[in-house]
Amino acid sequence: MERPDEELPDDEELLDFDTGTLEDWDEGRARAALEGEYGALYRNHLRIALKLDQWARAESRRTDTDARYRSGYVQALEDMAAFLRQAFYLPEDPG
């Protein structure tokens, strides 16, 4: 849940991430999703992806878990962020 005093990132900030590791990145699809019927939902997905990134970074620094477990956990968080960013979870094709 967003805190009342927390400013939400604008669209450009939401799309400011490394796309090099995304298998199916299409900036046109992302911008169409932002402008489409489910723009608010996609913005929410992009905000969730930012939080998943933070969580993955925090988990990667942990020293109280098995390295293989930690690696898999971090990868799962990063994968979920990637899927959200690529508009995979919108109700229909935004393009």
Side-chain angles (χ1 to χ4, degrees):
M1 178 182 245
E2 297 294 334
R3 294 183 183 103
D5 60 338
E6 189 174 345
E7 187 173 321
L8 296 177
D10 64 26
D11 289 353
E12 293 307 312
E13 291 172 305
L14 290 172
L15 292 176
D16 184 21
F17 53 86
D18 179 15
T19 60
T21 60
L22 302 179
E23 291 182 23
D24 190 30
W25 175 248
D26 180 335
E27 186 170 348
R29 180 179 62 219
R31 293 203 180 271
L34 287 169
E35 297 301 321
E37 179 180 357
Y38 299 106
L41 178 60
Y42 185 49
R43 284 177 185 85
N44 185 54
H45 288 182
L46 293 172
R47 288 191 296 270
I48 291 168
L50 289 172
K51 297 296 184 182
L52 289 170
D53 287 344
Q54 292 171 355
W55 189 2
R57 282 191 300 275
E59 287 295 322
S60 71
R61 293 188 298 267
R62 287 182 63 179
T63 59
D64 63 334
T65 60
D66 176 73
R68 286 185 58 198
Y69 170 84
R70 184 175 55 249
S71 176
Y73 196 77
V74 168
Q75 183 66 53
L77 292 169
E78 290 170 345
D79 287 350
M80 285 302 305
F83 296 150
L84 289 165
R85 286 184 169 121
Q86 293 172 100
F88 288 176
Y89 296 117
L90 293 181
E92 60 186 42
D93 182 11

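Taking OG from Ser60 and CD from Gln75, the interatomic distance works out to 12.0 Å, rounded to the nearest 0.5 Å. His45 NE2 to Leu90 CG: the interatomic distance, rounded to the nearest 0.5 Å, is 6.0 Å.
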Step by step, would you call Leu14 with Leu8 a side chain to side chain contact (heavy atoms under 4.5 Å, CB included)? CA-CA 9 Å; Leu14 290 172; Leu8 296 177; over 6 Å; no
List the steps, then state whether side chain to side chain contact (heavy atoms under 4.5 Å, CB included) holds for Leu46 with Asp11. CA-CA 9 Å; Leu46 293 172; Asp11 289 353; over 6 Å; no
List the steps and the verdict of salt bridge (charged side-chain N to carboxylate O under 4.0 Å, His left out) for Glu35 and Arg31. CA-CA 6 Å; Glu35 297 301 321; Arg31 293 203 180 271; over 6 Å; no
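The shortest non-hydrogen separation linking Pro9 to Leu50 is CG-CD1, 4.1 Å. Arg70 approaches Glu59 most closely through the heavy-atom pair CD-O, 3.0 Å. When all heavy atoms are compared, the tightest approach of Leu22 to Ala82 is CD2-CB, 3.3 Å. Across all non-hydrogen atoms, the minimal contact from Asp53 to Ala81 is OD1-CB, 3.8 Å.
Between the side chain of Ser71 and the main chain of Arg68, no donor-acceptor pair closer than 3.5 Å is present.
Partner Asp24 forms a side-chain hydrogen bond (donor to acceptor under 3.5 Å, both in side chains) with one of Arg29, Arg85, Gln86 and no other, that one being Arg29.
Grouping Ile, Leu, Val, Met, Phe, Trp and Tyr by side-chain contacts under 4.5 Å, direct or through others, puts Phe88 with Ile48, Leu52, Trp55, Tyr69, Tyr73, Leu77, Met80, Phe83, Leu84, Tyr89.
Hydrophobic clustering keeps Val74 apart from Phe17 (ILVMFWY residues linked when any side-chain heavy atoms are closer than 4.5 Å, directly or through intermediates).
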